[in-house]
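In this text the structure is predicted, and so the values were computed from the model without any measurement. Indexing begins at 1, ligand by ligand and atom by atom, following the structure's order.
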Amino acid sequence: MSDNSKLYEGKAKILYRTGDPEILLADFKDDATAFNAQKRGSIQNKGIINCSISSKLFEQLEANGIKTHYIDSPAPNQMRVKAVKILPIEVVVRNIAAGSLCQQTGLTLGTVLAKPLVEFYYKNDELGDPLLTPDRLQLMKLATEEQVDSITHLALKINKFLQGFWQQCNITLVDFKLEFGLDSQQQLLLADEISPDTCRLWDIAQDDPNLRVMDKDRFRRDLGNIENAYQEVLQRVLKV
Ligand code: UDP
């Protein structure tokens with residue numbers, strides 16, 4: 001395999017090989033998709049914004065004892081990461097009811113959950129990323145029981161850190177999605193990104209249900225001012 005060749009192109013990032021098989025380069029794109037890629041568009045500077053936000057969060061998570069795939073960020077829209085085998089699971093943590101939780105349970109948007117909810121979804125676009133039960137996780141051999149326990153523990157720890165971080169930005173962390181991978185030593189690492197694409201973020205200073213939205217819901221729900229909202233999130237993150 002030649003160096004610096006494209007390994008994989010996803011909806012939001014392109015992964016390139018480097019001279020070192022243990023290291024990949026992630027290039028964050030401005031492309032935006034929603035509803036299982038049925039809605040497509042582009043958000044100006046999203047690649048730079050999401051890479052910058054994710055880099056800062058991964059650095060701080062590492063400093064708080066969470067192992068991540070992050071190495072460094074050689075350019076504003078590029079991240080060097082440890083090569084991992086991504087588990088085909090989307091781990092969602094929720095503090096406040098929104099999105100599919102409201103649609104599937106009838107809970108009112110904005111209901112504060114008594115304790116954080118950790119959910120596992122099967123990362124499979126053809127099947128529409130269905131919600132998994134613990135038994136289905138085992139049936140499909142998507143992760144061992146030990147890995148599921150570790151991921152749940154890590155997800156709750158990450159949630160505690162992120163809630164505090166976003167609060168310093170005057171932002172409420174409603175919910176978010178995480179992905180985990182295994183490195184060549186079978187070590188579990190937090191991977192992918194943490195950004196307004198993968199978190200629901202509400203401006204604490206705004207009560208209006210549309211004005212408060214600072215994340216990809218602006219794109220999903222055609223709320224306008226998408227670029228401004230993403231930029232504003234980055235500005236607040238850089239001040240922490
Ligand atoms: N999420 C994501 N990628 C996905 C699905 C969800 O990053 O493929 C994030 C989403 O941005 C939100 C959280 O996970 O912060 C919970 O999403 P939900 O299940 O409510 O689905 P949605 O309403 O986004 O379809």
Near [X], which atoms of ligand 1 are under 4.0 Å from a heavy atom of that residue?
X      : answer
Arg200 : 12 (C), 15 (O), 16 (C), 17 (O), 18 (P), 20 (O), 22 (P), 23 (O), 24 (O)
Gly99  : 20 (O), 23 (O)
Val92  : 14 (O), 16 (C)

Assess whether a salt bridge exists between [X] and [Y], defined as any Lys/Arg side-chain N lying under 4.0 Å from an Asp/Glu carboxylate O.
X      : Y      : value
Lys67  : Asp183 : no
Asp222 : Lys39  : yes
Arg200 : Asp215 : no

How far is [atom] from its nearest protein heavy atom, and which residue and atom is that?
atom                    : value
atom 12 (C) of ligand 1 : Asp175 OD1, 3.1 Å
atom 2 (C) of ligand 1  : Lys177 CE, 3.5 Å
atom 11 (O) of ligand 1 : Arg220 NH2, 2.9 Å

Heavy atom of protein inside 4.0 Å of atom 9 (C) of ligand 1, strictly below: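 Under the 4.0 Å cut-off, atom 9 (C) of ligand 1 does have protein heavy-atom neighbours.
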Per-atom contact, atom 25 (O) of ligand 1, protein heavy atoms, under 4.0 angstrom: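 No, no protein heavy atom sits under 4.0 Å from atom 25 (O) of ligand 1.
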Please work out whether any backbone atom (N, CA, C, O) or any side-chain heavy atom from C-beta onward of [X] is under 4.0 Å from ligand 1, and answer side chain, backbone, both or neither.
X      : value
Gln103 : neither
Glu90  : side chain
Thr198 : both

Going by salt bridge (charged side-chain N to carboxylate O under 4.0 Å, His left out), Lys11 matches just one of Asp125, Asp30, Asp197. Which one?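 Output: one option passes, namely Asp125.
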Are Val174 and ligand 1 in contact, using a heavy-atom cut-off of under 4.0 Å?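 No; Val174 lies far enough from ligand 1 that no heavy-atom distance drops under 4.0 Å.
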